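First up is the structure itself, then whatever we jot down about it.
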Amino acid sequence: MNRSIRLDAVLIQAVIAGALSFAHLHDLAAAAGQSGWKAWAYPVSVDLLLVAAWRRLRAGRDRSSWTWFTIALTASLGANVATAGLLDLHHVPAWLRILVAGWPALAFLGGTLLVHAPGPAPAVPAASELEPDEEPAPEVEMHRTDTPEPAAPAPAPVPAAELAPAPPKPPADTPAVPPALLDHARSIADAHRRSTGEPITAAALTARLGLPAPTCEAIAAQLQLA
């Protein structure tokens with residue numbers, strides 16, 4: 001209840017002060033040679049510039065807002081004081097007429113600068129706020145529920161093929177047999193086995209070759225003939 005009464009009183013006081021200031025500005029503009037609707041436009045221009053500068057000050061303090069707020073407040077207070085009997089409104093000095101005539105351009109410049117002035121730069125958040133620290137991912141332990149199959153045993157190495165025993169070397173006093181002659185004697189022995197079904201004897205091979213006895217014995221020894 002008390003709050004509503006106080007608000008009403010403030011509003012009434014604001015209306016009274018605004019009406020008196022508005023009337024003083026109108027009277028000063030009319031005394032300076034601005035007649036008709038132009039005299040009523042001056043109070044509106046001054047009050048609008050004052051309100052615009054005040055709103056700019058509340059949004060963010062800067063020098064331009066204080067400058068235009070001071071200019072508008074000086075114009076309003078000057079008109080109020082001038083109409084209090086300190087100035088002869090029937091004989092307004094030339095400098096005051098010049099100020100009143102140049103006020104529209106000054107008010108337009110101030111209003112434009114206040115409206116289009118850049119606002120305060122928004123605070124840039126710190127890098128820690130933009131990208132919060134990432135927590136390390138928790139370690140996951142995996143347990144197998146199935147029983148792994150036993151590994152198949154490695155195959156046993158295949159033994160290398162047994163090499164056929166080399167034919168016994170002839171004694172040192174046995175004459176050397178040329179390979180071609182040995183192959184010829186082996187072919188005779190193979191032909192005899194195929195024809196008779198029995199291995200050839202040393203005596204038969206000697207008779208077939210017709211060579212000296214030592215050479216035939218050496219051949220028979222290498223072919224392992226009886």
Side-chain angles (χ1 to χ4, degrees), residues 1-140:
M1 187 65 180
N2 295 334
R3 182 177 179 82
S4 62
I5 294 176
R6 188 178 64 177
L7 289 177
D8 293 342
V10 172
L11 290 176
I12 293 173
Q13 180 66 24
V15 171
I16 294 174
L20 290 174
S21 178
F22 195 89
H24 292 160
L25 286 168
H26 170 267
D27 295 342
L28 183 62
Q34 306 297 327
S35 59
W37 65 269
K38 293 180 289 184
W40 293 105
Y42 274 85
V44 177
S45 176
V46 173
D47 291 342
L48 286 179
L49 182 61
L50 187 64
V51 173
W54 174 249
R55 289 178 60 86
R56 189 67 183 178
L57 285 174
R58 290 177 61 87
R61 295 181 178 181
D62 54 357
R63 294 182 179 180
S64 62
S65 301
W66 279 111
T67 300
W68 293 109
F69 181 79
T70 303
I71 292 174
L73 184 61
T74 301
S76 180
L77 290 177
N80 294 331
V81 174
T83 56
L86 300 178
L87 181 66
D88 186 3
L89 298 180
H90 298 287
H91 300 86
V92 179
W95 61 268
L96 184 56
R97 292 178 181 270
I98 294 174
L99 290 179
V100 173
W103 174 258
L106 184 63
F108 176 76
L109 176 62
T112 303
L113 294 178
L114 288 173
V115 172
H116 296 285
V124 180
S128 59
E129 298 179 2
L130 291 178
E131 299 179 358
D133 296 338
E134 296 182 359
E135 298 181 357
E139 297 182 358
V140 179

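All of these numbers come straight from a predicted model, not from anything done at the bench.
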Query raised in the report: Just wondering, do Trp68 and Leu57 contact through their side chains at under 4.5 Å, heavy atoms?
Result: no
Query raised in the report: For Arg97, does the CZ atom sit with more than 12 other heavy atoms under 6.0 Å from it, leaving out its own atoms?
Result: yes
Donor-acceptor contacts under 3.5 Å from residues 25-48 side chains, at least two apart:
from, atom 1, to, atom 2, distance (Å)
His26, NE2, Trp40, NE1, 3.4
Tyr42, OH, Val100, O, 2.6
Ser45, OG, Trp103, NE1, 3.1

Report task. Tell me, please, which residues at least two apart from Leu73 pass side chain to side chain contact (heavy atoms under 4.5 Å, CB included). Result -> Leu50, Phe69, Leu77
Query - Check: Thr70 main-chain N/O paired with Thr74 side-chain donor or acceptor under 3.5 Å - result: yes
Query raised in the report: Between Leu49 and Leu114, is any pair of side-chain heavy atoms under 4.5 Å apart?
Result: yes
